[in-house]
2 protein chains.
Amino acid sequence: MSQSVRRALEVVELLAGTPRSPSDVAEVLDTHRSTALRLLQTLVDAGYARRLPDGRYSLGYRMIGLAQRAQEQFDLRAIGHPHLVELTAQTGCTTHLAAIDNGHVVYVDKVEPTDSPRILSQIGRPVPLHTASAAKAILAHLPSDRLDLLLDGWAFTRHSVSTITTREAFLADLAAARERGYAIDDGEYEDYINCIAVPVRDATGDVVASVSVTALRALRDLDSLRADLPRLLQTATDISRDLGWVAT
Amino acid sequence: MSQSVRRALEVVELLAGTPRSPSDVAEVLDTHRSTALRLLQTLVDAGYARRLPDGRYSLGYRMIGLAQRAQEQFDLRAIGHPHLVELTAQTGCTTHLAAIDNGHVVYVDKVEPTDSPRILSQIGRPVPLHTASAAKAILAHLPSDRLDLLLDGWAFTRHSVSTITTREAFLADLAAARERGYAIDDGEYEDYINCIAVPVRDATGDVVASVSVTALRALRDLDSLRADLPRLLQTATDISRDLGWVAT
DNA sequence: GGATGTGTTGCACTGTGCGCAACACGCGTG
DNA sequence: CACGCGTGTTGCGCACAGTGCAACACATCC
């Protein structure tokens, strides 16, 4: 729709990764140096980026202000957050809250234990549908037409040896998750990470989100995580109830 | 430099205020409905905005993720935050950390007490130089050339009866603040709010930031705030020391 | 039935954002 | 010191992106 805006946002994403030099930005955007510079200046003007003393550019302070405002507008996150914090405290694992947003499954919240072993997920980023348990827990309970909509055109890219790479196998996995009551990621994205996830329902009873517990396999393998399943289910129930859901 | 990007960011700011309908956005931007819609869709695509069930648009989840990344890049904020939290706990007031960024004084951090009496400041937004004590505390210690740079073209707009509206009077106020060791905002922006602020120094001894305590006059008048001055000074010293400053 | 607001699309015009080139500047290095 | 390298700035001309507009389908509400 809008090329320059798209580029600008691309720059923001770039700076979110790590501070960059102007020429660096120009190269990644595959554009002229002056163009990148003009873009950066616009962003700096708005407070979305800032120039570091060493000449590189990073995200600006305005970002934080925006996020604070954003959080106030996110009922789901606001409701879920305290529950995630508790779950993280109980399990010692990184926990995620995921939801469907604009045709993607995105992480809505993420709480890491204090001794955080760096999980690479990022709030607001689309979740890989066919590997993340948080995605599976939602997809498993979606009506088939909405599921098809999300899955159409989805590439079952292999990320590790255990990645599910065909739609048929994936649908079978979803069915298993539905029956089981929780979804699994058995090192399907990063082979050294596994997670389990359960669905969250809203007032109408529809599954709209999921909660997941993630851990390094070396610290907590799948069986170990399963031991926390009751806590996980309790958290999901709590959030669902806060969303207005009443057990049937 | 870039009109469409500027517009896009304007939309983001708009949504940060409160969720808006498309036609609403179009009107504010003074642009055609379809243009606004196209813009919104680009933002939604990127996760920076989202469509609410009722058709309005608000900020997107990606905002939060970006802010988390941003915070990791902000040494000053990262360093100052815990001290602000403590100061807020001690005083029961809203506290701010302000710094110079891109030719403006901006709030870098803000901590509100749990029973938050809604102060309207926003992180990343430029601070009104001639009213906010947080700005004065910094300006009072700036070399005159840098001060002139910031002040040139600044309009001393009257916001309340006590607003200082001339450059001369303002410079006198700064001198007083410098001598006194702390700066004051005596209801100069909103007449029912007053604050005091003290400077923060970096490793080179330059004043680069300030900490302020803000309160409703009805709850804490200036004299009452002054009682917390030792705590405020201690906080500023702590942050300065964390920044590498050593007392002379 | 009409009124209102959203979302979409095709088209034509215009202006804006782009690439480019040239220059000033600061910094470190051989 | 001259040189290379990267940043920052500016003027220019062109192409095309982005805009405005109009017309449509579609919901919802009264």
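These values consider heavy atoms only, across backbone and side chains, with no hydrogens, waters or symmetry-generated copies.
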Base, sugar-phosphate, or nothing: which does [X] touch, judged by heavy atoms less than 4.0 Å apart?
| X | result |
| --- | --- |
| A/Ser21 | sugar-phosphate |
| A/Arg56 | nothing |
| A/Ser34 | base |

With a 4.0 Å cutoff (strictly under), does any side-chain N or O of [X] reach OP1 or OP2 of [N]?
| X | N | answer |
| --- | --- | --- |
| B/Gln3 | C/dG17 | yes |
| A/Gln41 | D/dT9 | yes |
| B/Thr35 | D/dG20 | yes |
| B/Tyr57 | C/dG7 | yes |
| B/Arg6 | C/dT16 | no |

Item to complete: May I ask you to decide whether B/Arg62 forms a salt bridge with A/Asp101, counting only side-chain N to carboxylate O separations under 4.0 Å?
Response: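 A/Asp101 and B/Arg62: not salt-bridged.
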Worksheet item: Looking at A/Tyr107, is A/Arg125 sitting on its ring face, NZ or CZ under 6.0 Å from the six-membered ring centre and within 45 degrees of the normal?
Response: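 Verdict for A/Tyr107: no cation-pi partner in A/Arg125.
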Worksheet entry | Cation-pi check, A/Arg20 onto A/Tyr57 ring (under 6.0 Å, within 45° of axis) |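 No, cation not above the ring by the 6.0 Å, 45° rule.
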Is there a donor N/O on one and an acceptor N/O on the other, under 3.5 Å, for the side chain of [X] and the base of [N]?
| X | N | value |
| --- | --- | --- |
| A/Arg38 | C/dG19 | yes |
| A/Arg33 | D/dG8 | yes |
| B/Arg51 | C/dG7 | no |

Discussion item. Measuring from the side chain of A/Pro22 (C-beta onward, heavy atoms only), which nucleotide among D/dG8, D/dC21, C/dT6 has the closest atom?
Written reply: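 For the A/Pro22 side chain, the nearest candidate turns out to be D/dG8.
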Item to complete: When you get a sec, tell me which of D/dG20, C/dG5, D/dT19 is the closest nucleotide to the side chain of B/Ser4?
Response: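 Selected nucleotide: D/dT19.
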Rounded to the Å, how far apart are [X] [atom1] and [N] [atom2]?
| X | N | atom1 | atom2 | answer |
| --- | --- | --- | --- | --- |
| A/Leu40 | D/dG6 | CG | P | 16 Å |
| A/Leu43 | C/dG17 | CG | P | 13 Å |
| B/Asp45 | C/dT8 | CG | P | 11 Å |
| A/Asp30 | C/dC18 | CG | P | 13 Å |
| B/Leu37 | D/dG20 | CG | C1' | 14 Å |
| A/His32 | C/dG19 | NE2 | C1' | 6 Å |
| B/Glu27 | C/dT6 | CD | P | 11 Å |
| A/Leu39 | D/dA17 | CG | P | 16 Å |

Discussion item. In terms of relative ring orientation, are A/Phe156 and A/His130 parallel, tilted or perpendicular, with 30° and 60° separating the classes?
Written reply: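 Rings of A/Phe156 and A/His130: perpendicular, as their planes differ by over 60°.
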Discussion item. Hydrogens and angles aside, do B/Ser121 and B/His96 bring a side-chain donor and acceptor to less than 3.5 Å of each other?
Written reply: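 On atom types as modelled, these side chains qualify, holding a pair under 3.5 Å.
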Worksheet entry | Distance-minimising heavy-atom pair for A/Thr163 and A/Glu188 |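 Nearest heavy atoms, A/Thr163 then A/Glu188: OG1-O, 2.6 Å.
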